[in-house]
Number of protein chains: 2
Amino acid sequence: MTTTHTPSQDRPQRGNARAKLIAAAHQTVRRKGYAATSVDEICAAAGVTKGAFFHHFASKEALAVAAAEGWTARAAPMFELPPHTKLDDPLDRLLGHIDFRLAMLEGPVEDFTCFVGTMVQEAYATSDAIRAACEASITAYCDALAPDIEAAIARHGIAHGVGAMSLARHVQAVLQGAFIMAKTANDPAIARDSVTHLKRYILMLFGRG
Amino acid sequence: MTTTHTPSQDRPQRGNARAKLIAAAHQTVRRKGYAATSVDEICAAAGVTKGAFFHHFASKEALAVAAAEGWTARAAPMFELPPHTKLDDPLDRLLGHIDFRLAMLEGPVEDFTCFVGTMVQEAYATSDAIRAACEASITAYCDALAPDIEAAIARHGIAHGVGAMSLARHVQAVLQGAFIMAKTANDPAIARDSVTHLKRYILMLFGRG
DNA sequence: CTCGACATACCGACTAGTTGGTATGTTGTC
DNA sequence: GACAACATACCAACTAGTCGGTATGTCGAG
């Protein structure tokens, strides 16, 4: 039997250090923040050496930018896979998404909080590259949410002439705020409570309150 | 003329280093985050030396805790001074407060964002002392907001049995989330938009939508 | 009033350890 | 054997915190 492309289990496989570093950054930065997370720490969590780090990334900042892009990719399945995405009524899809986000708010805080939201707080004034990368990720989220909102408005109408993109950004804002509250109290319940307010608001806007 | 208790202008006055350090911490941490702000930097911003720093605070963490307490004190006048606090209807006072917060969202982002909200994001998992101090500050805000909400519910009733403290926490969550969005886009307008959604939600809850 | 004893407020050079980043060597793969 | 993917050793800069010392106040006894 010849050697195959399939990586063997006993040897550390090559070529995935970059992905492991990004995953380690997601995990560690969500727990400790960006500045408090050292390059050495990320390397240790990823199980690679510092040489590998600076082979793939020119700087810590470059990793941060790549990790922000990676976060967008990681979040994408959230809009495609869950069953509620198959619902016929766009408003049901929107409400299904809110319920989905609500269901995520369980367990350790660092497992459901937002990587880019955490990072942008520290870097918005010191690194415009990181800030822009985080903005792109959050904008991608809102862009993914807006079509269903737009369609729901078209089908059901909405109170006070609220815009689709504006509401999408508000959803994101409430989620980010809920994360902070959960971190503050070290309790996800307080975050669920806020997202429940958000759901009620949406229901009322669409006349289902 | 004998020397008085009034500090002369040419000599640096004694006894206010502590307050200056806390103010410098508020300013610097809101811009760069907690971990990225060095003790030397805070000292430079406050115009005092490192010796003075460690005379007043046992550690950087101790300053953080004191600064969180100082933040609460700094925010208190917000609930007492503005004209809307004199309104008769508690719902008008609540809405007046939201409008007041809305009006604050102007100019440079680091001038209206929340010190404790920024700090707790970085420290919730690494320093429980800081986390608890931030929680106390945010809880104090909610406690100050809740009585008017409670009274407004008593006078006007509220939809869906929403609780006063729950709504107060939601107000805080939306504000925190709005700050993150403003940092992300480097633009206060996006934050104002979210707080406008919040105001509309409150209006609808109280049947004024 | 004043003088000494003491306490508080502050200074700035120093240290031990950590940081992001580099320079160079090794290993696997086409 | 050439090139990408790592590993190891190292460095200059920066970090929080220390420490011996000084300036400025407080206060009670004489």
Side-chain angles (χ1 to χ4, degrees), chain A residues 1-25 28-29 32-67 119 122-123 126-127 129-130, chain B residues 1-25 28-29 32-67 119 122-123 126-127 129-130:
Chain A
M1 187 180 180
T2 59
T3 52
T4 63
H5 280 274
T6 321
S8 60
Q9 288 165 339
D10 50 341
R11 284 222 153 269
Q13 46 186 353
R14 279 168 78 95
N16 62 343
R18 188 189 149 93
K20 286 203 290 185
L21 282 165
I22 289 178
T28 315
V29 169
K32 311 188 25 172
Y34 173 69
T37 300
S38 71
V39 171
D40 282 321
E41 212 169 347
I42 296 175
C43 291
V48 303
T49 60
K50 218 165 179 180
F53 183 102
F54 284 100
H55 171 71
H56 289 287
F57 304 104
S59 64
K60 188 189 176 186
E61 186 186 31
L63 164 72
V65 171
M119 197 164 63
E122 299 180 57
T126 49
S127 165
I130 294 179
Chain B
M1 186 181 181
T2 59
T3 52
T4 63
H5 279 276
T6 321
S8 59
Q9 287 167 337
D10 49 343
R11 287 223 153 268
Q13 47 186 353
R14 280 169 72 95
N16 61 345
R18 189 188 148 94
K20 286 203 290 184
L21 283 165
I22 288 177
T28 314
V29 169
K32 311 189 25 173
Y34 173 68
T37 300
S38 70
V39 171
D40 281 320
E41 212 169 346
I42 295 174
C43 291
V48 304
T49 60
K50 217 161 179 182
F53 183 102
F54 284 99
H55 170 73
H56 289 287
F57 305 103
S59 63
K60 189 188 174 186
E61 185 185 31
L63 164 71
V65 170
M119 198 163 64
E122 299 181 56
T126 48
S127 164
I130 295 180

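Here is how names work: the chains are called A, B, and so on, in the same order as the sequence lines, proteins then strands, and each is numbered from 1.
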What's touching nucleotides 7-10 of chain D from the protein side, N or O pairs under 3.5 Å?
{"residue": "D:dA7", "atom": "OP2", "partner": "A:Thr49", "partner atom": "N", "Å": "2.9"}
{"residue": "D:dA7", "atom": "OP2", "partner": "A:Thr49", "partner atom": "OG1", "Å": "2.8"}
{"residue": "D:dA7", "atom": "O5'", "partner": "A:Thr49", "partner atom": "OG1", "Å": "3.4"}

Of all the heavy-atom pairs spanning [X] and [Y], show the shortest one and how long it is.
{"X": "A:Tyr34", "Y": "A:Val29", "result": "N-CG1, 3.8 Å"}
{"X": "A:Thr28", "Y": "A:Ala45", "result": "OG1-CB, 4.1 Å"}
{"X": "A:Phe57", "Y": "A:Ala66", "result": "CE2-CB, 3.7 Å"}
{"X": "B:Ala62", "Y": "B:Ala58", "result": "CB-N, 4.0 Å"}
{"X": "B:Ser59", "Y": "B:Phe54", "result": "CA-CE2, 4.0 Å"}
{"X": "B:Ile42", "Y": "B:Leu21", "result": "CG2-O, 3.7 Å"}

Nearest-0.5 Å distance, [atom1] of residue [X] to [atom2] of residue [Y]:
{"X": "A:Thr37", "Y": "A:Met119", "atom1": "OG1", "atom2": "CE", "answer": "10.5 Å"}
{"X": "A:His56", "Y": "A:Arg18", "atom1": "NE2", "atom2": "CZ", "answer": "8.0 Å"}
{"X": "B:Asn16", "Y": "B:Ile22", "atom1": "CG", "atom2": "CD1", "answer": "11.5 Å"}

Atom-pair distance ([atom1] on [X]; [atom2] on [N]), nearest Å:
{"X": "B:Phe54", "N": "D:dG20", "atom1": "CZ", "atom2": "C1'", "result": "17 Å"}
{"X": "A:Glu61", "N": "C:dT19", "atom1": "CD", "atom2": "P", "result": "19 Å"}
{"X": "A:Lys60", "N": "C:dG20", "atom1": "NZ", "atom2": "P", "result": "5 Å"}
{"X": "A:Leu63", "N": "C:dG21", "atom1": "CG", "atom2": "P", "result": "11 Å"}

Please produce a list of atom pairs where a protein N or O lies less than 3.5 Å from an N or O of nucleotides 1-5 of chain D.
{"residue": "D:dA5", "atom": "OP2", "partner": "A:His55", "partner atom": "NE2", "Å": "3.3"}
{"residue": "D:dA5", "atom": "O4'", "partner": "A:Arg14", "partner atom": "NH2", "Å": "2.9"}
{"residue": "D:dA5", "atom": "N3", "partner": "A:Arg14", "partner atom": "NH2", "Å": "3.1"}

Next on the checklist: Tell me whether B:Glu122 contacts the main-chain N or O of B:Ala35 through its side chain, where contact means a donor paired with an acceptor under 3.5 Å.
Outcome noted: yes

Checklist entry - Got a sec? Which of residues 35-43 of chain A come in under 4.0 Å of DNA chain D, heavy atoms? => result none

